[in-house]
There are 2 protein chains.
Amino acid sequence: MKGRVASPTPQNPLEARLLQALRDAGLRLTVQRRAICRYLASTKSHPTAQQIYNALKDEFPSLSLATVYNTLDTLVRLGAIHALGNTGDGAIHYDADIEPHVNLACLQCHRVVDLPCEAVAELDRKVAAESGYRILGARLVYYGLCPECQRAAQQTPSVSVAAHH
Amino acid sequence: MKGRVASPTPQNPLEARLLQALRDAGLRLTVQRRAICRYLASTKSHPTAQQIYNALKDEFPSLSLATVYNTLDTLVRLGAIHALGNTGDGAIHYDADIEPHVNLACLQCHRVVDLPCEAVAELDRKVAAESGYRILGARLVYYGLCPECQRAAQQTPSVSVAAHH
DNA sequence: CTCCGAAGTTGGAATTATTCTAAAGTAGAA
DNA sequence: TTCTACTTTAGAATAATTCCAACTTCGGAG
C-alpha cells in the first residue's frame with residue numbers, strides 16, 4: 001500500500017509521446033533516455049545539449065555528454081523533436097514541441113521564445129495547397145533582436161550596427 | 001572611347017541593394033566586400049562562409065576567411081541578408097534573398113525546394129508586430145512528402161516517414 | 001599633395017560545439 | 001543464467017567560428 005513511490009510512469013503527455021516514439025522504433029528505454037525525454041518535456045526553454053547535460057548530471061552523475069548528443073540525434077531522426085539550429089551562440093537548441101509554431105531567437109542574448117500566432121495556421125494551409133506536399137511538420141524560426149537588446153544597442157550609438165564586439 | 005572596360009558598377013539589383021546597405025551604414029565599399037556581395041547576389045545556393053571563400057580566393061588570393069565572416073556578420077546585422085542557421089551539416093548558410101519564402105523538404109527523397117508564398121509576408125509582419133523583435137533572418141522549413149513520394153508511398157505502405165537518411 | 005586617424009584586412013592561434021572511437025556496461029530474449 | 005546486440009562512457013579528434021595583434025587602406029583636414 002505504501003509501495004506507490006514516485007511513479008516511474010510518465011504523467012506529461014509530451015514525455016509519453018517521446019518515449020512512445022522510442023518504443024515504436026524498437027529502441028531501448030534506458031534510464032538516460034528517460035531522463036532526457038523527461039527534461040525535454042518539462043521545459044519550454046529550448047535547451048542545448050550542454051544545458052540538458054548540466055540539468056541532469058547531479059541526478060545521474062555517470063551521464064555522459066555524448067549520450068545526450070546521441071539521444072537528441074535519435075529523437076530528431078525519429079521526428080519526435082526539432083533541432084532549431086544555431087541562434088548565434090554557436091549551439092543547437094532543441095524543441096520537444098513539434099506543433100507548428102514560431103520560434104523567435106535573439107541573436108544578442110540567445111534566448112528562444114515561442115510565439116503563438118494564428119497566421120501560422122493559414123500559412124500551413126496555403127503551403128499544403130500550393131505545393132501538393134503532405135505536410136508532416138514545420139520548423140519556423142525567426143532570428144533578430146529582442147526588444148531589450150534593441151534598447152541596449154541604442155544606448156551605445158557609436159558602436160553602430162556593424163559592431164566587431 | 002575604348003576606355004569602357006569591364007564596368008565596375010553592379011548590374012544585379014540584388015548586388016546593388018547589398019552595396020547600398022553598406023553605404024547607408026557609412027561603411028566602406030572595399031574590394032573584398034564588393035566581391036562577397038557580388039557572389040552572394042549571384043547564387044541561389046545558400047552558401048556557407050567557407051564556400052564563399054573558396055569561390056573567391058582565386059580571384060582575390062589575399063582574401064581571408066576572417067574577412068568573409070566579418071562581412072557576413074555585418075550584412076546580417078544590417079538586415080541585408082539572412083542567416084539560415086544550421087541545416088544539418090554543422091555550418092551556417094546565408095541567403096541574399098530576403099524576399100519571404102519557405103523551404104519545403106521532402107522526408108523521403110530529401111530534396112529541398114523554395115516556395116514563394118505571400119502568406120509568408122503576412123506572417124513576417126505579424127511576427128514583427130506582435131513580438132517587437134527586429135527581424136534579421138528566418139528559416140521557414142516545412143517537412144513532408146512531395147507529390148511523387150506520396151504516390152510511391154501508396155504502393156509500398158510499410159515505408160516509414162521517420163527516415164534515417 | 002601629404003599626413004593622420006579610423007576603418008578594414010589578414011593569417012594564425014584560440015575557442016568550443018559536436019562527432020568519433022574503443023572499451024565497458026546492460027537489457028532482454030532464449 | 002547466458003548470450004548478443006544495443007548503449008553508455010570518457011576522452012581524443014574534428015572543424016566551424018571567433019579572437020587577436022599587426023599591417024594596410026581610405027578619406028578628409030590642413
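Naming convention: chains lettered A, B, ... in sequence-line order (proteins, then strands); numbering from 1 in each chain.
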Length of the line joining [X]:[atom1] and [N]:[atom2], which is rounded to integer Å:
X       : N      : atom1 : atom2 : result
B:Leu56 : C:dT10 : CG    : C1'   : 16 Å
A:Gln50 : C:dT15 : CD    : C1'   : 14 Å
B:Ile92 : D:dT17 : CD1   : C1'   : 8 Å
B:Ile52 : D:dT17 : CD1   : P     : 11 Å
B:Tyr94 : D:dA16 : OH    : C1'   : 10 Å
B:Lys57 : C:dT9  : NZ    : P     : 19 Å

Inset, instruction - Return no unless some side-chain N or O of A:Tyr69 is found under 4.0 Å from OP1 or OP2 of C:dT19. - result: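 No, outside the criterion.
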Legend entry - Footprint string (nucleotides 5-14 of chain D, 5' to 3'): B base within contact, S backbone only, - free, heavy atoms under 4.0 Å: BBSSBB----
Legend entry - Interface residues of residues 35-42 of chain B with DNA chain D (non-hydrogen, below 4.0 angstrom): none
Inset, instruction - State whether A:Arg111 and A:Glu148 are salt-bridged, where the test is any N-O pair (Lys NZ or Arg NE/NH1/NH2 against Asp/Glu carboxylate O) under 4.0 Å. - result: yes
Inset, instruction - Kindly work out whether a path of hydrophobic side-chain contacts (I/L/V/M/F/W/Y, heavy atoms less than 4.5 Å apart) joins B:Ile98 to B:Leu115. - result: no
Legend entry - Pairwise distance CG(B:Leu75) to CD1(B:Ile81) - rounded to 0.5 angstrom: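 The distance works out to 4.5 Å.
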Legend entry - Member of A:Ile92, A:Val113, A:Asp95, A:Leu40 meeting the side chain to side chain contact (heavy atoms under 4.5 Å, CB included) criterion with A:His46: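 Considering A:Ile92, A:Val113, A:Asp95, A:Leu40, a side chain to side chain contact (heavy atoms under 4.5 Å, CB included) with A:His46 is found only for A:Asp95.
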Could you pull out all donor-acceptor pairs under 3.5 Å where a side-chain atom in residues 51-66 of chain B meets a protein atom, sequence neighbours excluded?
unit_1: B:Gln51; atom_1: OE1; unit_2: B:Thr48; atom_2: N; d: 2.8
unit_1: B:Asn54; atom_1: OD1; unit_2: B:Gln50; atom_2: NE2; d: 3.2
unit_1: B:Asn54; atom_1: ND2; unit_2: B:Gln50; atom_2: O; d: 3.4
unit_1: B:Glu59; atom_1: OE2; unit_2: B:Arg38; atom_2: NH2; d: 3.3
unit_1: B:Ser64; atom_1: OG; unit_2: B:Ala66; atom_2: N; d: 3.0

Inset, instruction - Please list, chain by chain and in numerical order, all residues satisfying side-chain hydrogen bond (donor to acceptor under 3.5 Å, both in side chains) with A:Tyr142, sequence neighbours excluded. - result: B:Asp124
Inset, instruction - Report the residues that fulfil salt bridge (Lys or Arg N to Asp or Glu O under 4.0 Å) with B:Glu130, sequence neighbours left out, ordered by chain and then residue number. - result: none
Inset, instruction - List for me each residue that meets salt bridge (Lys or Arg N to Asp or Glu O under 4.0 Å) alongside A:Asp73, sequence neighbours excluded, and say none if there are none. - result: A:Arg77
